[in-house]
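Working notes, structure below.
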Amino acid sequence: KAGVTQTPRYLIKTRGQQVTLSCSPISGHRSVSWYQQTPGQGLQFLFEYFSETQRNKGNFPGRFSGRQFSNSRSEMNVSTLELGDSALYLCASSLGRTNGWETQYFGPGTRLLVL
Amino acid sequence: SQQGEEDPQALSIQEGENATMNCSYKTSINNLQWYRQNSGRGLVHLILIRSNEREKHSGRLRVTLDTSKKSSSLLITASRAADTASYFCATVVFGNEKLTFGTGTRLTIIP
């Protein structure tokens, strides 16, 4: 099976702009999660979608939002970008059969630089 | 916020030696997972250990879990240059089912 894919891989934006990142999960996986990785804060959970519904959410401001489509593909959006949003954004998928958070399969990430 | 703290933050060993890294966490967990990340890329799942398990093996990897001490360790035996990477523990807490990552250990294998 093809792995988790994320597009774009690299992105440069300026403060105040908005950005949309895309994630295609492994075929058959219904759960998609998003994480932000920065040198200062490490890996932090943003949100998780399952069957087009947000099932879990981390402690991020409302500028960070996401959605999931019927084919399980997911997008996350960051509005009014700030310098501190510069990070590697990772998407992970899983079967989502249980709430027990089984193995997560991660994509290669989108590296966002905000100038 | 970080649930897990990993120790050491960085580790350099000779190829062929064993590498041990530790993870401590704060609250009761459902399971604990270890991931590897190569140079700013995506994470690769290594092993999952449930709260009612004490030890698990996968190839050259051995993970232990001590719920009384709220700690876990990852042992990589007979290290190889390809093991050079950052290793993260991640916990899943009962009633709040998301992965909460530790701070990571940067492992360097010297050929």
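Since the structure is predicted, the reported quantities are computational estimates derived from the model, not experimental observations. Labels below follow one simple rule: chain letters A, B, ... track the order of the sequence lines, proteins then strands, and each chain is numbered from 1.
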Legend entry - Closest non-hydrogen atom pair, B/Gln33 against A/Thr103: OE1-CA, 4.3 Å
Inset, instruction - Starting from the C-alpha separation in whole Å, work towards a yes-or-no answer on side chain to side chain contact (heavy atoms under 4.5 Å, CB included) for A/Lys57 and B/Lys98. - result: CA-CA 9 Å; A/Lys57 188 177 186 303; B/Lys98 62 180 183 182; over 6 Å; no
Legend entry - Exceeds 12 heavy-atom contacts within 6.0 angstrom, atom CZ of B/Arg60: yes
Inset, instruction - State yes or no: do A/Phe47 and A/Tyr105 share one hydrophobic cluster built from I, L, V, M, F, W and Y residues joined by side-chain heavy-atom distances below 4.5 Å, directly or via other members? - result: no
Legend entry - B/Gln9 atom CD, over 12 foreign heavy atoms within 6.0 Å: no
Inset, instruction - Find the distance between CZ (A/Phe106) and CZ (B/Arg36) and round it off to the nearest 0.5 Å. - result: 13.5 Å
Inset, instruction - Find out whether A/Leu43 and B/Phe88 are in side-chain contact, i.e. whether some heavy atom of one side chain is under 4.5 Å from a heavy atom of the other. - result: yes
Inset, instruction - Give a yes or no on whether B/Phe101 and A/Val32 share a hydrophobic cluster (residues Ile, Leu, Val, Met, Phe, Trp, Tyr; joining criterion: side-chain heavy atoms under 4.5 Å apart). - result: no
Inset, instruction - Would you mind reporting whether A/Leu88 and B/Gln37 have side-chain heavy atoms less than 4.5 Å apart? - result: yes
Inset, instruction - Flag yes if more than 12 heavy atoms outside B/Arg41 fall under 6.0 Å of its CZ atom; otherwise flag no. - result: no
Legend entry - Separation of B/Leu99 CG from A/Tyr35 OH (nearest 0.5 Å): 3.5 Å
Legend entry - Within 6.0 Å of CZ in A/Arg9, more than 12 heavy atoms from elsewhere: yes
Legend entry - Value rounded to 0.5 Å, distance of OG1 in B/Thr103 from CD in A/Gln41: 12.0 Å
Legend entry - Single-linkage hydrophobic cluster B/Leu65~B/Ile76, side-chain heavy atoms < 4.5 angstrom: yes
Inset, instruction - Calculate, to the nearest 0.5 Å, the distance between atoms CD and OH belonging to A/Gln104 and B/Tyr35 respectively. - result: 5.0 Å
Inset, instruction - Sort A/Gln6 into side chain, backbone, both or neither according to what part of it lies under 4.5 angstrom from a heavy atom of chain B. - result: neither
